[in-house]
Amino acid sequence: MIMAGRITPEKITKLSMCEIFVFGSNLKGHHRGGASRMAYESFGAEWGVGAGSTGKCYAIPTSHLTIDEIRPYVDDFIEYARSHPNNRFLVTRVGCGSAGYTDEDMAPLFKNALELYNVTFPFDWMEILTEDEMISAYAFGILPEKKTVKIPKAITDEDLKQLCEEYKYVIGSRMLAAPKPEIRIRYVIDRDRFGYADFGDFFFWWTGDLYVWTRNEEFAEDHNQDVVESYFGDECSGRGYCCHAIFAGVRTQFKDSKGDYIYTGDVIDMELKDGGAKYTFALGTLGNNEEGREAYYAFALDNHCILPEMCRKMTRVGTVFYQLDRCEYAVSIPDRCYRFQPWHPDELTKEDRLVMSQYTPNFDQEVWKYYANEVLGIEFNWRK
């Protein structure tokens with residue numbers, strides 16, 4: 001995918017897996033010259049197909065047609081681009097070659113395609129289509145749009161997967177100007193190393209595993225190109241390295257006593273407003289935001305739960321990301337929270353879990369190693 005905003009390159013010599021070459025044609029589909037000939041010789045446009053999808057191209061008839069006759073074909077193209085959000089459509093100077101029209105004649109026909117982030121335009125067309133200075137800057141990908149995307153009050157693991165699927169093109173192409181959810185997640189880089197990523201810099205693959213984009217050369221060997229091409233249907237050239245990571249929670253709107261944001265999967269010392277009772281539990285997400293049932297952040301117990309709103313004071317003391325397995329299948333945050341406060345007794349004590357939570361993220365399986373960290377005074381950076 002091309003990363004430079006919304007501008008079609010002046011010279012197109014090759015297409016990525018997701019890119020579509022949009023050119024002006026004639027109804028007979030005789031691709032003899034200009035962009036039409038390039039489409040036929042280089043990008044698989046079929047001889048005799050003068051309108052619509054053909055090969056790695058999309059043909060818009062312009063030769064020997066009036067502007068009013070061309071308009072429906074342009075509208076059809078716009079709807080086609082809208083219904084194929086994971087393709088990138090490179091619009092050339094359609095109709096401005098042998099058809100004899102000017103840029104000023106043709107560009108306005110594509111006005112409704114400006115709202116589609118997967119459509120690019122020639123530089124001159126973009127200037128025509130965006131007369132207002134601020135709109136022009138936004139359309140060229142220089143300024144972000146002043147628009148927020150509505151998201152649930154409590155984000156579930158499933159919400160994140162669905163949002164990544166919905167904004168797949170924006171994530172793969174790194175369209176910085178596109179409006180997208182304001183969500184920040186935490187993930188495990190390695191032992192004693194958490195990382196953080198904003199929406200647009202991560203995605204969840206079909207298996208539920210998390211992948212994070214980075215340009216850090218430290219992770220070059222961890223790049224998963226097969227995953228990129230399978231998920232995005234494109235090489236996503238220039239996007240950086242795609243690295244597998246263990247999902248470690250989403251940032252909530254709540255802050256602790258030190259003013260730090262609380263993430264799902266955090267272990268919290270809490271003091272309730274009503275009666276001042278004190279507990280230590282892990283914060284997760286309950287509900288599913290489906291069928292009108294709104295999800296919510298909560299400390300889930302065996303037969304009830306405590307809401308953050310019920311707390312007078314909350315202090316982060318650790319996380320549930322202990323005894324991790326680098327090769328394990330994706331585990332949901334609620335399931336990890338249940339391990340910290342299990343509904344049924346197991347071989348671990350509450351003290352064991354609390355000590356382990358303070359030395360996270362951690363892949364050690366033996367409980368005694370966590371106590372050894374405590375005895376030796378070793379500090380982990382989970383708060384950072």
Side-chain angles (χ1 to χ4, degrees), residues 1-4 16-18 86 88 155-176 178 180-251 261 263-266 285 319-336 359-365 380-384:
M1 294 181 183
I2 299 168
M3 302 302 150
S16 73
M17 292 171 63
C18 82
N86 293 325
R88 184 177 183 85
I155 306 294
T156 68
D157 293 20
E158 190 60 34
D159 289 332
L160 288 171
K161 297 172 190 175
Q162 292 178 358
L163 285 168
C164 288
E165 181 67 26
E166 180 180 350
Y167 287 86
K168 182 185 294 185
Y169 179 82
V170 171
I171 296 170
S173 61
R174 199 168 183 259
M175 292 292 293
L176 298 180
K180 52 186 176 291
E182 293 184 3
I183 296 174
R184 187 169 178 80
I185 68 163
R186 176 175 60 191
Y187 61 95
V188 176
I189 296 177
D190 204 342
R191 186 178 188 272
D192 192 24
R193 291 181 68 190
F194 278 127
Y196 298 86
D198 292 320
F199 191 89
D201 288 329
F202 63 86
F203 64 94
F204 289 85
W205 199 36
W206 319 116
T207 58
D209 290 289
L210 172 69
Y211 287 86
V212 179
W213 290 107
T214 178
R215 295 180 180 276
N216 190 332
E217 292 295 330
E218 175 187 353
F219 302 101
E221 293 184 358
D222 299 322
H223 179 58
N224 292 270
Q225 187 62 26
D226 289 345
V227 170
V228 170
E229 295 184 9
S230 172
Y231 186 78
F232 295 101
D234 195 56
E235 300 93 327
C236 298
S237 176
R239 189 63 180 84
Y241 304 117
C242 170
C243 302
H244 179 264
I246 295 175
F247 177 50
V250 62
R251 189 177 73 182
Y261 278 107
Y263 284 73
T264 55
D266 278 346
T285 311
T319 80
V320 298
F321 303 99
Y322 50 81
Q323 293 181 314
L324 298 174
D325 182 348
R326 297 182 190 274
C327 300
E328 69 185 3
Y329 292 105
V331 178
S332 72
I333 300 300
D335 284 347
R336 294 194 187 278
Y359 297 96
T360 52
N362 205 324
F363 296 87
D364 291 336
Q365 298 299 310
F380 271 50
N381 66 358
W382 62 265
R383 292 183 181 84
K384 297 181 181 178

Exercise. Between atom CD1 of I246 and atom CD1 of I189, what is the distance when rounded to the nearest 0.5 Å?
Worked result: 11.5 Å
For this session: Could you tell me the separation between the SG atom of C243 and the CD atom of E218, rounded to the nearest 0.5 Å?
Result: 9.0 Å
Problem set entry | For T156 against T285, the heavy-atom pair lying closest together | CG2-CG2, 3.6 Å
Exercise. Considering all heavy atoms of both residues, which atom of F321 and which atom of A248 are nearest to each other, and what is their separation?
Worked result: CZ-CA, 3.2 Å
Exercise. Does any N or O in the side chain of S173 come within less than 3.5 Å of the main-chain N or O of Y169, such that one atom is a donor and the other an acceptor?
Worked result: yes
For this session: Check whether the ring centres of Y187 and F247 lie less than 6.0 Å apart, and answer yes or no.
Result: no
Exercise. Do E166 and Q162 meet the criterion of a side-chain donor-acceptor pair at a distance under 3.5 Å?
Worked result: no
Exercise. Are side-chain N/O atoms of E221 and Y241 paired as donor and acceptor at under 3.5 Å?
Worked result: no
Problem set entry | Least distance between heavy atoms, G208 atom then A330 atom | O-CB, 3.5 Å
Exercise. For the rings on W206 and Y231, is their centre-to-centre separation under 6.0 Å?
Worked result: yes
Problem set entry | Heavy-atom donor-acceptor pair, Q365 side chain to Q323 backbone, under 3.5 Å | yes
Exercise. Would you find a donor on one side and an acceptor on the other, under 3.5 Å apart, between the side chain of R174 and the backbone of G238?
Worked result: no
For this session: Go through the steps for L163 and I183 under the test side chain to side chain contact (heavy atoms under 4.5 Å, CB included), then give the verdict.
Result: CA-CA 10 Å; L163 285 168; I183 296 174; 3.6 Å; yes
Problem set entry | Value rounded to 0.5 Å, distance of CE in M17 from CZ in R88 | 15.5 Å
For this session: Indicate whether the side chain of Q225 and that of H223 have a donor and an acceptor atom separated by less than 3.5 Å.
Result: yes
Exercise. Under 6.0 Å from the CG atom of D226, do we count more than 12 heavy atoms belonging to anything else shown?
Worked result: no
Exercise. Between S332 and D157, what is the shortest heavy-atom contact and its length?
Worked result: CA-OD2, 3.2 Å
Exercise. Any side-chain donor-acceptor pair under 3.5 Å between D209 and H244?
Worked result: yes
For this session: Indicate the atoms forming the closest heavy-atom contact of F199 with P181, along with that distance.
Result: CB-O, 3.4 Å
For this session: Mind telling me whether Y211 and F203 have parallel, tilted or perpendicular rings, with 30° and 60° as the class edges?
Result: parallel
For this session: Assert yes or no for the condition that the ring centre distance of Y263 to Y196 is strictly below 6.0 Å.
Result: yes
For this session: Report yes or no: does R186 contribute a side-chain atom to a donor-acceptor pair with the main-chain N or O of G249 at less than 3.5 Å?
Result: no
Problem set entry | Atom pair CG/NZ of L210 and K161 - distance to nearest 0.5 Å | 10.5 Å
Exercise. Checking D201 side chain against W213 main chain: does a donor-acceptor pair fall under 3.5 Å?
Worked result: no
Problem set entry | Separation between CD1 of I185 and CZ of F204, rounded to the nearest 0.5 Å | 5.0 Å
For this session: Assess the side chains of D234 and S16: does a donor N or O sit below 3.5 Å from an acceptor N or O?
Result: yes
Seminar exercise, completed: Here the gap from C164 atom SG to I171 atom CD1, rounded to the nearest 0.5 Å, amounts to 4.0 Å
For this session: Determine, step by step, whether D364 and R191 satisfy the salt bridge (charged side-chain N to carboxylate O under 4.0 Å, His left out) criterion, reporting the C-alpha distance in whole Å, the side-chain angles of both residues, the deciding distance to 0.1 Å, and the verdict.
Result: CA-CA 9 Å; D364 291 336; R191 186 178 188 272; 3.5 Å; yes
Problem set entry | Any side-chain donor near an acceptor of the partner, N362 and T360, under 3.5 Å | no
Exercise. When you look at F219 and V212, which way does the side chain to side chain contact (heavy atoms under 4.5 Å, CB included) test go after all the steps?
Worked result: CA-CA 11 Å; F219 302 101; V212 179; over 6 Å; no
Exercise. Taking side chain as C-beta onward, heavy atoms only, is L324 less than 4.5 Å from P361?
Worked result: yes
Problem set entry | Donor-acceptor contact present, side-chain T264 to main-chain V250, <3.5 Å | yes
Exercise. Which heavy-atom pair separates C242 from V228 by the least distance, and what is that distance?
Worked result: CB-CG2, 3.5 Å
Exercise. Think R326 forms a cation-pi with F363, using NZ or CZ under 6.0 Å from the six-ring centre and within 45 degrees of its axis?
Worked result: yes
